[in-house]
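Below is one structure, written out as structure tokens; comments come after it.
Residue numbers begin at 1 in each chain, while the letters A, B, ... track the order of the sequences. Values reported hereafter were calculated over all heavy atoms of this structure, with side chains retained and with hydrogens, waters and symmetry mates removed.
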Protein chains: 2
Amino acid sequence: MEYQEAKDKFISTWGSLGTLWGINKAMAQIQSLLFISTKPLSMEDIMEELKISRGNTSTNLRQLMDWGIVTKELIPGERKEFFTTEKDVQELARHIAKERSRREIKPVIKVLKEVSSTKDDGTEKTKELIKQTKALHDLAETADTMMNKIVNQEQNWITKSLMKLIK
Amino acid sequence: MEYQEAKDKFISTWGSLGTLWGINKAMAQIQSLLFISTKPLSMEDIMEELKISRGNTSTNLRQLMDWGIVTKELIPGERKEFFTTEKDVQELARHIAKERSRREIKPVIKVLKEVSSTKDDGTEKTKELIKQTKALHDLAETADTMMNKIVNQEQNWITKSLMKLIK
DNA sequence: ATAAATTTTCAATAATTATAGAAAGTTTAG
DNA sequence: CTAAACTTTCTATAATTATTGAAAATTTAT
């Protein structure tokens, strides 16, 4: 496979995977492009490469900055703004996990907590609701905690320990 | 909070979380409903409770069965079909993780492998593409392996060990 | 074999979400 | 201060995805 084909394939695959980590196509494609770029890119560069409009580029770049995985880079002598993404995959994973936890998982855990605290009126259906949502709550909380810890700081150490345990 | 309010809240929250694990709203809501039900439900029951059409119910029930988290239950003397979902959260998590890995993660890992095997033509940009996609490949593979192992059979044992390690 | 009960399929429609492109806003150089 | 360079915002439109509802298919009882 030659460079251009490989590049296109990467951007489109990684882009379509966006849904898996909860972002839209354009956002994922922009991030992909920056991820394999050897230098910061301007909005023009991105529009040009991905064939998307200025507005779309602007909006999605901002969202990527909100996620904390893309940053503005000011290049001396240049009036345009340039952008780069986090290049270290571990850091990238850490940011993404943290954001998803904050935005999606934590709020759900909160609701599960509330729901599982429903007053037990003695009926079978209420007992079932409480039991099941409590189980889900505990699972979600454990998974969230694990994910965050795993992906945090001491990654290398913990990952190694984990792999030893698991293998 | 009273039963009905809690139930509605659970179904709508868990339903909207569907996107997080890659399924649509109706599918997630049906699963939620079954999850807190004390007995198998018929298509009529589900349509009625969730106010969705027959076609929608049928389609989404089938998808849930494809995912392996809902099963048909035949009730003697009844002509209708009845449905139940996996009630054990660990089993549920196992099924979901396995399916997502198979449907989404594994194929992406395959593409990353291909892309990172691009012929090195000596240019900087090709080197960068190879380096970055290789890093992503390794990360994705590790994450996928961990997830599957964690969620598999020896769950209780491994979860306990993990929690000890991580805490 | 037939008809009633039930489920599935599928084309039309609705709802949602993404994108374009131009107007408005902002920043910078001189 | 002004004009050019650039970015953001916002509404109209396009694309995608979900949902309905009715016809077709299937199953079951007699």
Side-chain angles (χ1 to χ4, degrees), chain A residues 11-34 40-67 70-85 103-104, chain B residues 11-34 40-67 70-85 103-104:
Chain A
I11 290 174
S12 108
T13 303
W14 201 240
S16 72
L17 191 68
T19 55
L20 203 144
W21 43 291
I23 68 175
N24 73 30
K25 204 180 81 189
M27 223 174 129
Q29 290 186 337
I30 293 172
Q31 199 277 330
S32 306
L33 183 62
L34 292 173
L41 300 180
S42 68
M43 247 177 61
E44 297 287 346
D45 294 337
I46 295 167
M47 288 165 58
E48 164 86 7
E49 285 261 16
L50 301 178
K51 308 275 184 257
I52 59 178
S53 72
R54 188 175 296 284
N56 202 4
T57 308
S58 171
T59 303
N60 287 109
L61 272 172
R62 186 153 50 73
Q63 286 186 230
L64 283 165
M65 289 189 284
D66 289 347
W67 270 74
V70 161
T71 49
K72 254 181 207 167
E73 191 101 341
L74 290 181
I75 295 189
E78 284 277 12
R79 193 140 155 190
K80 279 185 201 145
E81 296 175 329
F82 287 77
F83 300 89
T84 49
T85 188
R103 294 174 191 225
E104 297 174 289
Chain B
I11 290 174
S12 109
T13 303
W14 201 240
S16 72
L17 191 69
T19 57
L20 203 145
W21 43 292
I23 68 176
N24 72 29
K25 203 178 81 188
M27 223 173 130
Q29 290 186 339
I30 293 172
Q31 199 277 330
S32 306
L33 182 63
L34 293 173
L41 300 180
S42 69
M43 247 178 62
E44 297 287 346
D45 294 336
I46 295 168
M47 290 166 58
E48 165 87 6
E49 285 260 17
L50 302 178
K51 308 274 185 257
I52 60 178
S53 73
R54 188 175 296 283
N56 201 5
T57 308
S58 171
T59 304
N60 287 110
L61 273 172
R62 188 154 48 74
Q63 285 185 231
L64 283 165
M65 289 189 284
D66 289 348
W67 270 74
V70 162
T71 49
K72 254 181 208 166
E73 192 101 340
L74 290 181
I75 295 190
E78 284 277 11
R79 192 142 155 190
K80 281 185 198 143
E81 295 176 328
F82 287 77
F83 301 88
T84 49
T85 189
R103 295 174 191 224
E104 297 174 287

Using whole Å, report how far [atom1] of [X] lies from [atom2] of [N].
X	N	atom1	atom2	result
B/K51	D/dT20	NZ	P	12 Å
B/E78	C/dA4	CD	P	20 Å
A/R54	C/dA22	CZ	P	11 Å
A/M47	D/dC6	CE	C1'	11 Å
A/R79	D/dA4	CZ	P	11 Å
A/I75	D/dC6	CD1	P	13 Å
B/M65	C/dT7	CE	P	10 Å
A/I52	C/dG21	CD1	P	12 Å

Problem set entry | Contact under 4.0 Å: A/N56 side-chain N or O vs C/dA20 OP1/OP2 |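 Yes.
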
Exercise. Looking only at side-chain N and O atoms, does A/R62 come under 4.0 Å of OP1 or OP2 in D/dT9?
Worked result: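 For A/R62, the contact criterion (side-chain N or O under 4.0 Å from OP1 or OP2 of D/dT9) is met.
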
Exercise. Of the nucleotides C/dA20, C/dT8, D/dT7, which has the atom closest to the B/S58 side chain?
Worked result: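 Within the option list, the nearest is C/dT8.
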
Exercise. If every non-hydrogen atom of B/L34 is compared with every non-hydrogen atom of B/F83, which pair is closest and at what distance?
Worked result: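 Closest approach of B/L34 to B/F83: CD2-O, 3.4 Å.
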
For this session: Check every strand shown and say whether A/E81 touches a base, only sugar-phosphate, or nothing at a heavy-atom separation below 4.0 Å.
Result: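 If one applies the 4.0 Å heavy-atom cut-off, A/E81 turns out to touch the sugar-phosphate alone, with no base involved.
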
Problem set entry | Side chain B/S32, main chain B/A28, donor-acceptor under 3.5 Å |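 Yes: the side chain of B/S32 pairs with the backbone of B/A28.
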
Problem set entry | B/D66 side chain to B/Q63 backbone, donor-acceptor under 3.5 Å |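 No.
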
Problem set entry | Closest-nucleotide ordering on DNA chain C, the 5'-leading residue of B/K72 and B/K25 |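 Between the two, 5'-proximity favours B/K72.
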
Problem set entry | Check: A/N56 and A/L50 side chains under 4.5 Å, non-hydrogen atoms |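 Of all side-chain heavy-atom pairs linking A/N56 with A/L50, none is under 4.5 Å.
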
